[in-house]
Amino acid sequence: MFVDKNLGTTKQKQQKIDIGELEQVQKKKVKQNANINPYTGNQYSGDYYKILAVRKQLPAWDAKEQLFMLMEQYQVIVLQGETGSGKTTQIPQFLLEKYSKGRGIACTQPRRVAAMSVAKRVAEEMDVALGEEVGYSIRFEEKTSNKTILKYMTDGMLLREAMHDPKLERYSVVILDEAHERTLNTDILFGLLKEIMLKRPEDLKVVIMSATMDAEKFQKYFHNAPLLDIPGRVYPVEIFYTQKPEKSYLDAAISTTINIHAYEDPGDILVFLTGEEEIEEACKKITSEIQKLGDDVGPVRCVPLYSTLPPNQQQKIFESAPQPNKKGVQGRKIVVATNIAETSITIDGICYVVDPGFSKQKVYNPRLRVESLLASPISKASAQQRAGRAGRTRPGKCYRLYTEQSFNSELIDNTYPEILRSNLSSVVLQLKRLGIDDLVHFDFMDPPAPETLMRALEQLYYLGALDEEGNLTKFGQQMSEFPLDPQLSKVLLSSKDFYVTDEILTIVALLSVQQVFQRPKDQQQQADDARYQFVHQDGDHITFLNVFKSFKEHNESSDWCYQNFINYRSLKSADKIKAQLRQIMQKQQIPLTKTDPSNALYYTYIKKALIAGMFMQTAHLTKNGAYMTVKDSQIVAIHPCSVLNHKPEWILYQEFVLTSKNYLRTVTDIEGKWLYEMCPEYFNPKTIKNIETRKEFEKIERQVLEEQRRKPDLLTVEQIQRLHKDVKSERTQSISSSKSIQK
DNA sequence: GAGCACTGC
């Protein structure tokens, strides 16, 4: 039972006692009749005993007594177990026997599917209905009830809960699973739980569960917590290295794969590459090269696997190897995948792994405020994980396309945790919201660079989420309620001042999903033609809005999407996100306001609302025809995928991508004057490095001052309000604050 | 006229 934190103390005590008594009664019952499920009071089904017999074979069962012993003595323990040990399914069930008095047990997972599928499995094992005693909680789907005592959830979800239940009082045990993955959310939870444990020494236990690497680091971080080691159940994997470094890992991967196919025993192959383009090329080459070998080698089914592949194509990796050829030579399945096959998707029957040693990784440059993707060498832990994929069903082999020496001396032990590779404005806002004021002294397992934290604080200050002292403002608190980048939260909260909440909800939702437009390689022209009908000359943001409106007019038809090269899944998910965001707006009593699309200023309002949050991401066209970002003076170009076919003097951009050049992706035509009017402090000409841009702002400054002298009361937001006499005028906080800035 | 690893609220 998850205790509602709003319950009065007496009531809470009362409830706990009741449950305690209930358990006593249940225990007696169990003694009387071992066939009764203590959680439901029903008789166990036949399946229960069958599953129980299998469960008892899992290595986790041998550790049960030791687990209880350690839990008795310590508040936090580290549990290390390989795949196949049963830790994710069994440990939480063991803990239910002792630690669910009056409160629940939470077990976090980095991914939604894992939370869902594990919950389903455990409900079966416990012989209860999913969503009753055992449930799960992920974004858009809460499958729990007031009976739920064990809840699997995404780490992000637990963090959300912490915002409204700062001591996580609903839980008696919190288990952080897959801790070695070091997701952003898990890392924040580490620090948070460390603080909460101090406040709840008697009634909170914490279990950190991880694969083999890193256990020592976790132990040390949690005040030398004890380690419980559970052996895995995996088959040995033989590792091979190359004698010399390879010139091209792609070529080497292809030829190694062909050699395995030609000379090794039957068994499927998994090849790791870095991205879509490489994977498609490799699949094509492998297939054609093997065909050239004729009937002496077996037929192959070579399938690509990456996340942006549509689900029906992803399913192909589960199809079996082709039938033997006419000479009777066995067929083989070859999966060529990104890192998605390292953690997220498990394919049975893989016996050979080809590991070139690279993956695309996010890197963050705080000085340029740019996140980019870079193909980089993997870590030892990652290489180990990849090799392990060959030993899930029988002994396997792993071919590493680098030398043993480079494995030992060049690969780092563990991939840098995400928190060291990301823009942290969202994280900082969350921490502030969780009541952590002193970020510099917050106990991060790996503290981010001070410059990254400074950048985040600075950005949040400019957005109005923090005051001069770095304290969370009321506005910042509102921003933190949204599952969005702080900049987009600001856009959304500002949209009501410009009477375009619905339009902005749509745009923000679409910006949160990937790939609105499809552009298959063999139909690029058709895709571009189809896209043309949605194009709005002001740019990509409003073009997105047009797509969504059209999608709705066509009753969310998937056929219509297919015919128009629109990603149906993305739009459906944007629709869900939009509903969730609208709900959060309503919950915070932000008025939903609107403008008639025929109003001459309709698009101006939309663009001004975008500027309200995105003003830090703007660029100015210089005389030589190149764009320069307004504040950092970086030379940039509009990405060719943008619908903008002219070069406006000022643009707002959503994303800065560093590939062959500095590109701005998702771009909209704006006016320099609006920038100055809306954020005069930020665009004060004295702060602008580039001379041309500075001179422009000086011109604008003079112009605006002149206008204000003539009509001292004229304010942008008020102008708008006058046009909306029908809408009840409401002096909100942000209107008055933008007024005070302008004076 | 270029190209998006993977998650998540």
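Quick note on labels: first sequence line is chain A, next is B, and so on, each numbered from 1.
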**OP:** Compare the minimum distances between each of dA5(B), dT7(B), dG1(B) and the side chain of Lys360(A), then state the nucleotide with the smallest one.
**Re:** dA5(B)

**OP:** May I ask you to check whether Asn423(A) and Ser425(A) show a side-chain donor-acceptor distance below 3.5 Å?
**Re:** yes

Original post:
Between Thr154(A) and dG8(B), is there a side-chain N or O to OP1/OP2 distance below 4.0 Å?
Top reply: no

Subject >> Presence of salt bridge, Glu181(A) and Arg111(A), under 4.0 angstrom >> reply: yes

Original post:
What's the CG-P distance between Asn423(A) and dT7(B), to the nearest Å?
Top reply: 21 Å

Original post:
How many Å lie between CG on Leu184(A) and P on dC6(B), as a whole number?
Top reply: 18 Å

**OP:** Would you indicate, yes or no, if dC6(B) has its OP1 or OP2 atom less than 4.0 angstrom from a side-chain nitrogen or oxygen of Ser307(A)?
**Re:** yes

**OP:** Name the nucleic acid region contacted by Glu342(A), choosing base, sugar-phosphate or nothing; use a 4.0 angstrom heavy-atom cut-off, strictly under.
**Re:** nothing

**OP:** On the 0 to 90° scale, with breaks at 30° and 60°, tag the Phe548(A)-Phe551(A) ring pair as parallel, tilted or perpendicular.
**Re:** tilted

Original post:
dA5(B) P sits how many Å from Glu276(A) CD, rounded?
Top reply: 6 Å

**OP:** Report the distance from atom CE of Met479(A) to atom P of dC9(B), rounded to the nearest whole Å.
**Re:** 20 Å

Original post:
When all nucleic acid strands are considered with a 4.0 Å heavy-atom cut-off, which category describes Ile340(A): base, sugar-phosphate, or nothing?
Top reply: sugar-phosphate

Subject >> hbond_proxy Arg665(A) side chain to dA2(B) base (donor-acceptor, 3.5 Å cutoff) >> reply: no

Original post:
Given dG1(B), dG8(B), dC9(B), which nucleotide is nearest the side-chain atoms of Arg519(A)?
Top reply: dG1(B)

Original post:
Does Gly275(A) offer a backbone N or O that forms a donor-acceptor pair with the side chain of Thr338(A) under 3.5 Å?
Top reply: no

**OP:** Whole angstrom is fine here: how far is it from CD in Gln430(A) over to P in dG8(B)?
**Re:** 15 Å

**OP:** Would you classify Lys661(A) as touching base, sugar-phosphate or nothing, given that sugar-phosphate means primed atoms plus P, OP1 and OP2, and contacts are heavy atoms under 4.0 Å?
**Re:** nothing

**OP:** Pick base, sugar-phosphate or nothing for Ile138(A), based on heavy-atom distances below 4.0 Å to the nucleic acid.
**Re:** sugar-phosphate

Original post:
Whole-Å distance between dC9(B) P and His164(A) NE2?
Top reply: 16 Å

Original post:
Between Asp485(A) and Arg421(A), which is nearer to the 5' end of DNA chain B once each is assigned its nearest nucleotide?
Top reply: Arg421(A)

Original post:
Which nucleotide in the list dG1(B), dT7(B), dC4(B) gets nearest to the side chain of Pro640(A)?
Top reply: dG1(B)

Original post:
Does the pair Arg112(A) and Glu141(A) meet the rule for a salt bridge (Lys or Arg N to Asp or Glu O under 4.0 Å), with working shown?
Top reply: CA-CA 10 Å; Arg112(A) 284 189 214 168; Glu141(A) 209 182 334; over 6 Å; no

Original post:
Does a distance-only test, which skips hydrogens and angles, find a donor-acceptor pair under 3.5 Å between the side chain of Arg160(A) and the base of dC9(B)?
Top reply: yes

**OP:** Select from Cys641(A) and Leu373(A) the residue whose nearest nucleotide in DNA chain B is closer to the 5' end of that strand.
**Re:** Cys641(A)

Original post:
Over how many whole Å does the gap from Leu664(A) atom CG to dG1(B) atom P extend?
Top reply: 16 Å

**OP:** Name the nucleic acid region contacted by Arg139(A), choosing base, sugar-phosphate or nothing; use a 4.0 angstrom heavy-atom cut-off, strictly under.
**Re:** base

Original post:
Which atom pair, heavy atoms only, marks the closest approach of Ser512(A) to Ile577(A)?
Top reply: CB-CD1, 4.1 Å

**OP:** Find the distance Gln514(A):CD to dG8(B):P and express it as a whole number of Å.
**Re:** 11 Å

